[in-house]
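For reference, the structure discussed in these notes is given below.
Letters A, B, ... mirror the listed sequences (proteins, then strands); counts begin at 1. Atoms considered below: every heavy atom in the structure, side chains included; atoms not considered: hydrogens, waters and symmetry mates.
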Protein chains: 2
Amino acid sequence: MPVEQPDMPELKIESGSGLQTNVEPLQLGKRLREIRQSLSLTLEEASQRTGLARSTLSKIENEQISPTFTAVQKLANGLQIDIPQLFAKPRSTMASGRRVLTQAGEGTPHPTSTYEHELLSTELARKKMVPFKTRVRARSFDDFGDWVRHEGEEFLLVLEGELALYTEFYEPVVMVAGDSMYYDANMGHALVSLSEQDALVLWIVAR
Amino acid sequence: MPVEQPDMPELKIESGSGLQTNVEPLQLGKRLREIRQSLSLTLEEASQRTGLARSTLSKIENEQISPTFTAVQKLANGLQIDIPQLFAKPRSTMASGRRVLTQAGEGTPHPTSTYEHELLSTELARKKMVPFKTRVRARSFDDFGDWVRHEGEEFLLVLEGELALYTEFYEPVVMVAGDSMYYDANMGHALVSLSEQDALVLWIVAR
DNA sequence: CAATAAATTAGCATATAGGAAATATTTCCC
DNA sequence: GGGAAATATTTCCTATATGCTAATTTATTG
């Protein structure tokens, strides 16, 4: 009897515009300086690792010259940076340097006909992962309607009880406390509690 | 006493980025040519849109020169390409329609001086999330060396015991079973067990 | 404030990218 | 197959990035 969309809280996540018409300033030098400094490297050390001259590095960081692509490659190799990541825009991610605690039972409730979700860390927006605890009511009907199915990947850990995870293309699997499952969420999936009491699971979705 | 890098198991996982010492061939010219042709643009047209000379474009595509970063920017703007995407590798994802079960205690062990990690779902490569259970040994010294710090976001759920989560910029937080934390992993972090017995946590990292 | 380290700048030599025009290649139509 | 037009490549010159050495300025540290 799993179920409709509400089972997938938010997922609105980010993926801002998608249209980057803006003429990005893209402070390459600034970024590079940050990276180098975060590694506690002096220009001299960075020079040794990258094979680029101190002065060149300085000029690049101060945006006095526009580095050759080969120079960028040397930089990326020498400093262990991922090139795509280097050029990535300010990255509309979760606010950096933030954390949020959710104490047991203090999450945001989100009940559905089959599940009782407790959304975690809701204070943080634009997260890469959406975590929630779910209480699967005892003896859910074992004929369920449609699969739950959505973009992304899902990780599931059984915290209490015993349940069956049904997934498309596979046989159902019985899971007990401590068992975990990682699966492609595009694949239909659904949980059914097997024990007398409700089962409790931790669920995490990543898009 | 958290610690050195080993505390962050794998992370090598996808994007092979962990350590990309390899001198990536990175056929920039080839990629650009493909893109231009897929837009049915002639060198002349591309030249007009980008402000770069026909000859320059030709040389870049034939890898006779290594374009300046500003040139790459002009190209990206003119041809509506996303720079990160330009350098991104073929984008491999987890095989679709797959799932993998890890039964309690059956993960892949990965001990370090401070923690005892049990990696989960290791059979699936290129996952968006890296899940593992960690046993935090009782009474870890509460003076720890360096922070653990890495790209991405991290979710932490306490399964058993009681521990203190130290994070940069914040006061330490005491967490008990059922409590969870979501935080920016670039922010230094470290766990210390407070109870007599070891503490057990579920950890999930998303890059 | 002194002493040291680190970063920036300067000057010059060289390698190489960028632009304009010439040359070569391909495409396409008869 | 032979042009003619379109497209791509190469040539040549100029602009600029890179390397080197050293001097100068700017942090750091004690």
Side-chain angles (χ1 to χ4, degrees), chain A residues 23-87, chain B residues 20-87 145-147 149 168-169 188:
Chain A
V23 189
E24 28 194 330
L26 195 47
Q27 313 273 52
L28 182 57
K30 199 155 158 284
R31 301 276 311 264
L32 286 171
R33 165 156 298 170
E34 287 170 2
I35 293 174
R36 175 177 63 82
Q37 291 181 336
S38 75
L39 295 173
S40 306
L41 294 179
T42 116
L43 281 180
E44 173 57 31
E45 294 166 322
S47 166
Q48 291 171 354
R49 297 202 190 188
T50 60
L52 295 170
R54 275 205 314 282
S55 56
T56 304
L57 292 175
S58 175
K59 289 175 201 161
I60 290 175
E61 290 189 354
N62 292 305
E63 325 235 333
Q64 295 176 16
I65 65 178
S66 171
T68 285
F69 180 68
T70 55
V72 174
Q73 275 184 310
K74 288 181 186 174
L75 266 163
N77 276 329
L79 303 187
Q80 302 283 54
I81 3 183
D82 196 44
I83 298 192
Q85 169 187 332
L86 185 60
F87 296 121
Chain B
Q20 76 284 30
T21 353
N22 54 334
V23 189
E24 24 194 331
L26 196 46
Q27 313 275 52
L28 183 56
K30 198 155 160 283
R31 299 276 314 262
L32 286 171
R33 168 156 294 172
E34 287 170 2
I35 293 175
R36 176 177 63 83
Q37 291 180 336
S38 74
L39 295 173
S40 306
L41 294 178
T42 130
L43 281 180
E44 173 57 30
E45 294 166 320
S47 166
Q48 291 171 353
R49 298 201 189 189
T50 60
L52 294 171
R54 279 203 313 281
S55 57
T56 304
L57 293 176
S58 173
K59 290 176 205 163
I60 291 175
E61 289 188 354
N62 292 306
E63 323 235 333
Q64 295 175 15
I65 66 178
S66 171
T68 283
F69 178 67
T70 54
V72 173
Q73 275 184 311
K74 288 181 185 173
L75 266 163
N77 275 331
L79 303 186
Q80 299 284 54
I81 358 183
D82 192 47
I83 299 191
Q85 169 186 332
L86 185 61
F87 299 119
D146 272 336
W147 296 109
R149 185 197 307 280
E168 211 172 10
F169 317 133

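- Going from atom CG of B:Leu32 over to atom P of C:dA17 covers 15 Å, rounded to whole Å.
- Counting non-hydrogen atoms under 4.0 angstrom, A:Leu52 reaches the backbone sugars and phosphates but no base.
- Checking the phosphate oxygens (OP1, OP2) of C:dT8, a side-chain nitrogen or oxygen of A:Arg33 falls inside 4.0 Å.
- One interatomic measurement links the two molecules: CD of B:Glu61 to P of D:dT9, which rounds to 7 Å at whole-angstrom precision.
- The separation between B:Glu45 atom CD and D:dA6 atom C1' is 11 Å, rounded to whole Å.
- Side chain B:Lys74 to base C:dG18: no donor-acceptor pair is found below 3.5 Å.
- The interatomic distance linking A:Arg54 (CZ) with C:dT8 (P) rounds to 11 Å, in whole Å.
- Following rounding to the nearest Å, B:Ile60 (CD1) and D:dA8 (P) show an atom-to-atom distance of 14 Å.
- The side chain of B:Asn62 places an N or O atom within less than 4.0 Å of a non-bridging phosphate oxygen (OP1 or OP2) of D:dT9.
- Taking atom CD of residue B:Glu44 and atom C1' of nucleotide C:dA20, one finds them 12 Å apart after rounding to whole Å.
- Under 4.0 angstrom from either OP1 or OP2 of D:dT10 there lies at least one side-chain N or O belonging to B:Gln64.
- The shortest side-chain heavy-atom distance between B:Leu79 and B:Thr50 falls under the 4.5 Å cut-off.
- Two residues are said to be in side-chain contact when any heavy atoms from C-beta on lie closer than 4.5 Å; B:Ile60 and B:Pro67 meet this criterion.
- As rounded to whole Å, 14 Å separates atom P of C:dT26 from atom CG of B:Leu43.
- Between C:dG11, C:dT8, C:dA22, one nucleotide has an atom nearer to the side chain of A:Lys59 than all others, and that is C:dG11.
- By the 4.5 Å heavy-atom criterion applied to side chains, B:Arg36 and B:Leu75 are not counted as neighbours.
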- salt bridge (Lys or Arg N to Asp or Glu O under 4.0 Å) between A:Glu61 and A:Lys30, intermediate numbers included: CA-CA 6 Å; A:Glu61 290 189 354; A:Lys30 199 155 158 284; over 6 Å; no
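- Mapping B:Thr56 and A:Leu41 onto DNA chain C by nearest heavy atom places A:Leu41 closer to the 5' end of the strand.
- Across C:dG19, C:dA17, D:dA22, the shortest atom-to-atom separation from the side chain of B:Ile65 is found for C:dA17.
- Contact annotation: side chain of B:Ser55 to base of C:dA20, donor-acceptor pair present below 3.5 Å.
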- Could you go through the side chain to side chain contact (heavy atoms under 4.5 Å, CB included) check for A:Thr56 and A:Ile65 one step at a time? CA-CA 8 Å; A:Thr56 304; A:Ile65 65 178; 4.1 Å; yes
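- With C:dA17, D:dA8, C:dG11 as the choices, the nucleotide that has an atom nearest any side-chain atom of B:Thr42 turns out to be D:dA8.
- Dashed line: the shortest gap from a side-chain N or O of A:Thr68 to OP1 or OP2 of D:dT18 is under 4.0 Å.
- Taking atom CD of B:Gln48 as the reference point, atom P of D:dA8 lies 13 Å away to the nearest angstrom.
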